[in-house]
Visitor: 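This is the structure I want to talk about, given as structure tokens.
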Amino acid sequence: MRLLIKNGRVLDPTLGLDLIADVYIVDGKIEGVEENISVSADRILDAHGLWVLPGLVDIHVHLREPGEEWKEDIESGTRAALHGGVLRVACMPNTKPPVDTPEVCSAIIAKAKEKGYVPVYPIACITKGQAGKELTEFGRLKLAGAVALSDDGKWVQDSEVMRKALLYAKSFDLPIISHPEDQALSFGGQVNLGKLSAKLGLKGVPFTAETVAVVRDLLLAKETKGKLHLAHLSVKENLPFLRWAKEEGVNFTAETCPHYFHLTEWECDGYNTLAKVNPPLRTEDDVLAIKQAIKEGLIEVIASDHAPHSPLEKDVEFELASPGMIGLEFLLPLSSSLVREGLISPLKLLELLITNPAKVIGIEPPSLRKGEKAKIVLFDPEEEYLVTEDFIQSKSKNTPFLGKTIKGRVKKVILEDKVYEF
Ligand SMILES: [Zn+2]
């Protein structure tokens, strides 16, 4: 089959392309990207006004399988990914059982091959049972397909365990993904510590819970020269330390999620459990600082931290509600606001969503290079629409964006010969 995508704004951060052009696909492979391709095709897609890009790589996703399939499973999670233009997913290991053995890792890959809409790359645990004490077998986990190590949901509190993990992971060329949260400081916290926590009478999480963890991990990465990735950064106090680490040449990357540059703690007002997340939503100053960190290149990855929960976990008292929100289907739309605000260029944005996350987990950065399998997203950066439960393909609907109007919509996804229209 010959497929021609006409007149789109072709954006390829891997090749550094940003031009109005056509993309020609033959039998599922990219044949060429050029202006005004005139060939006969079996199907022509008009991409006027749309971005044409290689699919996103989301390296912070909770697929909930095995063990919590009422919230999400590999099939529904990857369907949501496809709907969001996320064509490669790295999933976090805090499943039940956790991904702390090669067997669980292999089972996820096998299930994804059978049921998944997009490829799934498992992240394995740093410590057995995520208990923070004994390291897992990094070498065997890598052989089974693990692309990174993380105890996400928990910080490795013991500094010597984390130090050993960074050293040991370095010998297997695996990154350590830290969930930076000093649990001694955040314990029992429900929302950001500040005006809102006082108003609602809820225990607050201070910024230090995050920054103490960030600083320790950066120091350990500096000493060990291990590869560190800091997940979901949310507070402004991190910035000077990230700048310092860049100057020192520390081997690290940092990530944030769209909710940390779109929403503030006030989303939780009225005890809105859909906005309860870990780390918590912060203040307007933090939102501005996170944008500044993106602009400065201190934060190089945007991930969704897609965390599905059912009404069982969310339609309860605030203090009993599980933290987290879904995000796969909103990652590109919400991130595209950074371009509309003039903060970064479209190509820079796609580095944060495609090239950089691919590099973190050590996979080939997706591109529109000739000969590659066609995995292409057509995105309208200007379309506005209401987020409804019907729009959401994920099994869970827990997002504070429900009922809100957002801008930017994935219109079509091409996976080799298949064209998905949304
Ligand atoms: Zn986390």
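Heavy atoms only: backbone and side chains are in, while hydrogens, waters and symmetry mates are out. Note that ligands are numbered from 1 as they come in the structure, with each ligand's atoms numbered from 1 the same way. Keep in mind it's a predicted model, so treat the numbers as computed, not measured. For this chain, numbers begin at 1 and follow the sequence in order.
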Visitor: Give a yes or no on whether the backbone of Thr136 and the side-chain of Asp100 come within a donor-acceptor separation of less than 3.5 Å.
Guide: no
Visitor: What is the number of protein N, O or S atoms that sit under 2.8 Å away from the Zn ion (ligand 1)?
Guide: 3
Visitor: Tell me whether the centres of the aromatic rings in His60 and His232 are closer together than 6.0 Å.
Guide: yes
Visitor: Ring centres under 6.0 Å, that's the criterion: do His83 and Phe391 meet it?
Guide: yes
Visitor: Other residues, nucleotides and ligands only: do more than 12 of their heavy atoms fall within 6.0 Å of NZ on Lys164?
Guide: no
Visitor: Under 4.0 Å between a side-chain nitrogen and a carboxylate oxygen: does that hold for Arg243 and Glu296?
Guide: yes
Visitor: Does the ring center of His229 lie less than 6.0 Å from the ring center of Phe252?
Guide: no
